Amino acid sequence: MHHSQESAHLPPLTLALGIILAGIPLAMGLISLLYTPFEPNLIIANAVSAPITPTHPLGGDYLGRDTLSRLMTGARITITMATMAITTATITAFALSATSVAALNTPTPSRTGQLTHKTITFLTNTLMGIPSLLLALAVVSILGGGIANTTIAITIMLVPGLTRVMQAALIQVYAEDYIKVAKTWGVSNINIALKHALPNAAPSIIVAIPIYMSAAILVEAGLSYLGLGVAPPTPSWGIMLNQSIPHINAQPMAAIAPATMIIFTILGLNLISDGLNQKLRGKK
Amino acid sequence: MSTPTIRIITKLVKNTLDALLLLLGVSVVVFSLLYLTPGNALLIQVGVGSDRALTESYQALFSLNTSPVIQYFEWLQGLLRGNFGVSYVYHAPVFTIVLHALGVTAAIASVAMIIAVGVSLPLGLYLGGSGSQVLRAPLSGIITLGVAVPQFLWGILLLYLFGNVFSAFVPGVYAPLSSILPMAMAGSSGNNAIPALAYLLAPALALALPAIAILSRYTYNSVRELNAQPFMLALQCRGIGGWQLLRRHTLRNLLVGYTSFSGILLIDLLAGSVLVEYIFNIPGLGNTLVTGIHQRDTLLVQGAVLYVAFLVVVINKITDGLYYILNPKLRRA
């Protein structure tokens with residue numbers, strides 16, 4: 001009895017906590033569109049390694065830039081990059097997985113269909129043979145750094161994993177009768193994928209997205225920390241870590257602040273995924 | 001030969017062929033790195049706008065004057081003989097450089113994996129067991145937090161703690177395992193042991209901590225699911241409990257999934273070591289890769305990525321094999 005009550009209450013709590021945690025950096029990023037205490041790259045003479053003061057609530061970094069302003073702008077840049085990457089990757093992965101699953105489920109077994117399915121699966125497996133951070137590194141080594149190239153690298157890194165998740169979900173959906181009925185009615189493949197398969201596979205896809213979003217944020221931070229992602233002085237969280245670690249004794253807050261933001265975001269997204277998983281599964 | 005033996009052999013052959021095909025695919029991806037990279041190391045070496053004859057002689061030296069397809073097959077042929085080319089930066093064979101770096105990474109990754117398994121298995125079993133209501137909530141809270149803190153943030157924190165707070169080592173200096181072990185043994189009575197071990201322990205811990213959290217959570221959930229099953233109750237009713245129940249039933253059921261999960265984590269650990277090695281300035285595979293990218297040493301990057309891909313495929317196949325061995329259901333099916 002007690003156990004079932006506990007799990008009935010769990011989803012909203014996990015979800016709420018996740019939304020609050022991930023909401024903090026999101027809110028900071030949104031506010032930074034309208035207002036930051038200082039220009040994020042402005043060097044202020046008396047803010048060099050400044051301690052926490054009312055003017056600089058998180059102090060200043062080794063060059064004398066306001067940490068809070070950089071943190072807010074960094075939130076905007078990191079979250080925008082991750083969102084763009086996850087959106088592009090999700091659409092690409094859906095197109096790939098729907099094509100590969102639909103190719104298998106033709107009314108009469110076809111050679112081309114088998115081949116399409118096998119090719120897409122092989123490509124996915126091949127790219128998954130390279131760990132995601134290394135795949136992103138390899139792409140960055142070709143394209144070079146910067147916001148746009150790093151976003152492309154993260155997108156490419158996300159596609160194979162998402163494709164696999166969606167393939168698994170779509171294979172189940174395509175085996176359902178309503179898909180077969182829609183086919184006999186002559187509904188086109190694209191309409192079947194978008195109007196029938198997508199809504200029914202949505203729960204599995206929605207649960208996976210926060211997890212891949214957190215992977216995107218982690219890899220952005222990692223690449224920028226290695227000096228291969230976003231180029232300084234652009235304030236992304238990874239760049240802030242990269243630049244503040246050598247001066248950690250003089251001004252620890254400049255490193256603690258972006259690290260905390262990363263942890264909040266990852267923890268929040270993990271909790272959101274857990275909560276959604278329980279909620280969507282519970283409803284089924 | 002009996003049918004099970006034939007089945008195992010067929011499976012083995014099929015798996016090996018699968019792995020080889022996958023590696024071939026990865027090799028094409030990795031080879032295309034060279035082709036897609038603008039401004040390659042050759043130009044850096046020769047200098048932009050330098051003598052045409054010099055450029056051509058360099059091109060011939062690295063056989064860059066033929067078609068990409070021919071170059072791919074030449075490169076592949078070289079790979080099979082262990083010839084990964086010569087690093088533009090280090091002027092040494094990529095194979096040797098990468099092999100050496102791999103040794104360093106492997107040492108840290110193995111220590112990390114031993115710590116991860118050693119801590120997560122008892123912790124997960126304890127949390128999943130019955131008599132731990134008080135500690136369950138705080139420990140699962142810590143575990144959830146541990147999953148969210150990535151390896152490289154642990155790395156930064158540990159570097160700061162070991163280097164600045166405990167003064168156990170000089171940050172950014174690397175001591176190879178071959179020098180740590182004698183120091184640790186000789187100094188086990190003196191003051192040298194702790195600093196010497198810190199060089200290895202700090203990066204290994206950075207890699208192990210998230211793995212501990214993930215594996216503990218997995219163990220904890222599996223044990224709870226397992227304990228809810230009727231056969232566990234039936235066994236307890238028959239008077240089987242304690243150590244015997246744990247060893248013969250809980251562990252045997254748990255280890256099937258745990259092993260394949262550890263395989264995935266080991267791969268994650270190898271990838272994560274790129275960042276951790278950079279933080280601790282360890283000359284492992286990850287640092288070699290980052291140096292290669294910074295210096296546009298494409299052959300070195302190719303070699304390092306290919307090595308990791310090879311390891312990933314091998315680890316995956318070993319995990320698959322272990323899964324098959326540990327799960328009798330699969331053998332009979």
Side-chain angles (χ1 to χ4, degrees), chain A residues 3 14 17-18 21 119 122-145 156 214-215 217-219 221-223 225-228 237-238 241-242 244-246 248-249 252 255-256 258-271 274, chain B residues 18-19 21-30 32-39 144-145 147-153 156-157 159-160 163-164 171-172 228 267-272 274-275 278-279 285-286 289-290 292-294 296-298 301-302 304-306 308-313 316:
Chain A
H3 180 210
T14 327
L17 200 62
L21 278 174
T119 311
F122 180 70
L123 280 176
T124 314
N125 286 345
T126 304
L127 288 179
M128 285 188 87
I130 305 170
S132 48
L133 178 64
L134 287 181
L135 189 59
L137 273 175
V139 177
V140 162
S141 85
I142 297 171
L143 300 175
I156 294 174
S214 71
I217 285 174
L218 263 185
V219 169
L223 286 178
Y225 179 74
L226 290 174
L228 297 167
W237 293 337
L241 279 174
N242 176 311
S244 58
I245 300 300
I248 196 160
N249 281 331
I256 294 169
T260 313
M261 280 300 116
I262 293 171
I263 295 169
F264 273 14
T265 318
I266 308 294
L267 189 59
L269 287 169
N270 282 353
L271 289 173
D274 278 358
Chain B
D18 265 3
L21 197 63
L22 199 63
L23 279 175
L24 208 63
V26 172
S27 81
V28 175
V29 175
V30 170
S32 57
L33 279 181
L34 186 79
Y35 261 88
L36 300 170
T37 309
T144 310
L145 194 68
V147 174
V149 180
Q151 291 148 338
F152 80 101
L153 287 183
I156 293 169
L157 183 69
L159 182 75
Y160 182 69
N164 297 5
I267 292 167
D268 188 53
L269 229 119
L270 281 172
V274 174
L275 284 157
Y278 182 79
I279 293 165
L285 203 53
L289 184 66
V290 175
I293 295 175
H294 274 302
R296 295 211 164 277
D297 191 343
T298 317
V301 176
Q302 280 182 339
V305 174
L306 210 61
V308 176
F310 179 72
L311 277 177
V312 169
V313 172
N316 271 332

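None of these values were measured; they are calculated from a predicted model. In what follows, chains are A, B, ... by sequence order, proteins preceding strands, each numbered from 1.
For a residue to count as touching a neighbouring chain, one of its non-hydrogen atoms must lie under 4.5 Å from one of that chain's; by this rule Leu24(B) does not touch chain A. Using a 4.5 Å cut-off between heavy atoms, Asn270(A) touches chain B through its side chain atoms alone. Contacts of Leu133(A) with chain B are made by side-chain atoms alone, with heavy-atom separations under 4.5 Å and no backbone atom involved. Leu153(B) touches chain A through its side chain: at least one heavy atom from C-beta onward sits under 4.5 Å away, while N, CA, C and O do not. Residue contact with chain B, scored on non-hydrogen atoms closer than 4.5 Å, involves the backbone and the side chain of Ala221(A) alike. Of the atoms belonging to Leu306(B), not a single heavy atom falls under 4.5 Å from chain A. Heavy-atom distances place the side chain of Leu271(A), and not its backbone, under 4.5 Å from chain B. Contact of Ile262(A) with chain B is made through the side chain alone, with heavy-atom distances under 4.5 Å.
From Leu157(B), atom CG reaches atom CD1 of Ile256(A) across 9.0 Å, with rounding to the nearest 0.5 Å.
For the pair His294(B) (side chain) and Leu226(A) (backbone), a donor-acceptor distance under 3.5 Å is present.
The closest side-chain heavy-atom distance from Thr144(B) to Leu267(A) is below 4.5 Å. Looking only at side-chain heavy atoms (C-beta outward), Val301(B) and Leu137(A) stay at 4.5 Å or farther from each other. Residues Tyr160(B) and Ile245(A) have side chains not in contact (no heavy-atom distance under 4.5 Å, counting atoms from C-beta outward).
Here the shortest heavy-atom pairing between Ile267(B) and Pro131(A) reads CG2-CG, 4.1 Å. Considering every non-hydrogen atom in both Gly222(A) and Leu275(B), the closest pair reads O-CD2, 3.5 Å.
Heavy-atom pairs under 4.5 Å with chain A peak, among Val312(B), Val290(B), Leu22(B), at Leu22(B).
By the 30° and 60° cut-offs, the orientation of the rings of Tyr225(A) relative to Tyr278(B) is perpendicular.
In this structure, the side-chain contact (heavy atoms from CB on, under 4.5 Å) partners of Leu127(A), at least two apart in sequence or on a different chain, are Leu135(A), Pro160(A), Val29(B).
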